[in-house]
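Here the structure comes first, spelled out in C-alpha cells, and everything after it is commentary.
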Amino acid sequence: MTDRDGAADHAPLNLRTPGPTPLPAEVRQALALDMVNHRGPEFASALRECEDGLKWAFQTRNDVLVLTASGTGGLESVVANTLSPGERVLVVSIGYFGDRFARLARAFGADIQIASFPWGQAADPNVVAARLDADPSIQTVFVTHNETSTGVLNPLEHIALAARRVRPDVLLAVDGISSVGSVPILPDEWQCDVVVAGSQKGWMVPPGLAFVAVSDRAWRRQAEARMPRWYFDWLTHRQALAKGATPATPAVGLVFALRAGLRLMRAEGLAAVFQRHDQVARYTRAGLAGLGLRLFADPAYASPTVTTAYAPEGVQASALLRALRETHGVVLAGGQGDFEGKMLRVGHLGSVTQQDIAAALEALRLELQEQRGGVVLTGSSR
Ligand SMILES: *Cc1c(COP(=O)(O)O)cnc(C)c1O
C-alpha cells in the first residue's frame, strides 16, 4: 500500500478486515471539508445526492433512510419499527450476526424462533418455508444476506420466494450490511421489505452511518408496530428527508464522505463494482487454498466480500495476525464466537483491487513459511 497514507499517528496499512474498509483519496478529501449548518442548503444538497445514490446502489424504488448509527443501530431500527412486544419472529441464522440479531430482538421483548444452520453453510429455503408452514403466528422473517462471520452468501432470492410462497404477506427483513453495494441484491423484485446496510463496509466510508430501505409493506407495518422507538423512528426520518434534513444532528462529515464514495461507485458502474468484488473473491479463495489453507465456507455459497479459512494446523491465529500487522502492515480479521483463534477472515469489499489481495497473500506466505519453518526446526533439533 503505497498510495494510501496513514495518518501521522500510524503507519499505512493494507486493511483487509470486513469493515472498516480503506478510504479512497476522494473520500478522505471529502472528510476534510469544513462543517456546514445541518439545516442549511449545503447539507440538504449532499443528503439528496446520497439518497439518490443509495437508491441506485440498493437497486430499489423504496425509501432509503440514512441513520447516524453503526449497522447494528440500523438493525435495532428494524425491531423498533416493525415489531410489537411479544410478537413471534423467525430469525434465520447462519452465524454470529444472525445470532446477534436474535439477541437484539429478544432484548426488545420479541418472541424469537431461530432457524439456525451450521457455520459455513447457507440457509436452506425449504427449511425456512417449513418453519413458517408449521407456525401460522409468524408474520416476520429476518435473514442475513451475507454472513460476515463465516464468509457465506445466503441464496436470498430463493429464501425470499420460499417464505412468501408459504406466507404471502410476510414481512421480510434483511441484514445486508456486508452485501449491499458490493453484491447484487434486488429488494423490489425479491420483495425484501427492509434492507439494512452500513457505511464502513462496501461504501468506502468510515463507520457511523446506517442505511435502511423500507418498502410500502414495511411502512404499513410501521404504522401498527408498538415497540418503543424515538431516535430511530423511521417516520420522523422520512419526514425530515423530504426536506433534505434529518430529525437530529447527523454525522455531517460522513454524509460528505458518502457523497464522494457514491460518485466513485457511479463512475465505475454498479455492474463493474459487483464484478470486481466477485473477481477479487475468487482470487482470494484461490490464493488462500494455494497457500495450503483449508477454506471454511461452503464453496457453493462463498461470499464475494469476505473469505474465511481455518487457521493452519500448529499455527496460532492470533500470533499470525499480529505478525502480519507488525511486520507487513497487513490487517486481517480473526474468527468470531466459537471460531475465535481458529479462523482467518479476509475482507475484500469497498476499495479493493487484486493487487491489494496479492500483497496480503504474499505477506501471509512469508509469515506461514516463518511459522512453519519454526515448527520444523524445533522438531528436527530434538
Ligand atoms: C458489520 C456487520 C454488522 C454490524 O455492524 P456494526 O456497524 O458493527 O454495528 C452486522 N451484520 C453484518 C452482516 C455485518 O457485516
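These figures come from a predicted structure and were not determined experimentally. Both counts, for ligands and for their atoms, begin at 1 and track the order of listing.
- Residues I114 and W119 do not share a hydrophobic cluster, clusters being chains of Ile/Leu/Val/Met/Phe/Trp/Tyr side chains in contact below 4.5 Å.
- Of all protein heavy atoms, the one lying nearest to atom 9 (O) of ligand 1 is T72 OG1, 2.4 Å.
- Counting heavy atoms under 4.0 Å from ligand 1, residue Q200 touches it through the side chain alone.
- On a distance-only criterion, N146 and ligand 1 share no N/O pair closer than 3.5 Å.
- Between Y96 and T150, the closest side-chain pair of non-hydrogen atoms is not below 4.5 Å.
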- request: Dump the intermediate steps for salt bridge (charged side-chain N to carboxylate O under 4.0 Å, His left out) on D52 and R266, then the final yes or no.
  value: CA-CA 11 Å; D52 286 348; R266 287 223 202 235; 5.6 Å; no
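- Between the choices T148, T144, D175, the shortest heavy-atom distance to atom 11 (N) of ligand 1 belongs to D175.
- What you find for A218 and V194 is that their closest heavy atoms are CB-CG2, 3.8 Å.
- Looking from atom 1 (C) of ligand 1 to the surrounding protein, the closest heavy atom is K201 NZ, 1.5 Å.
- The shortest N or O to N or O distance between F97 and ligand 1 is not below 3.5 Å.
- Within a 6.0 Å sphere centred on OH of Y301, heavy atoms belonging to other residues, nucleotides or ligands number 12 at most.
- Looking at E147 against ligand 1, nothing comes within 4.0 Å, counting heavy atoms.
- A heavy-atom separation below 4.0 Å is found between R100 and ligand 1.
- Within the listing of ligand 1, atoms 5 (O), 6 (P), 7 (O), 9 (O) sit less than 4.0 angstrom from a heavy atom of G71.
- A donor-acceptor pair under 3.5 Å is absent between the side-chain atoms of R345 and the main chain of V306, judged by distance alone.
- In this structure, the side chain of S178 engages the main chain of N146 through a donor-acceptor pair within 3.5 Å.
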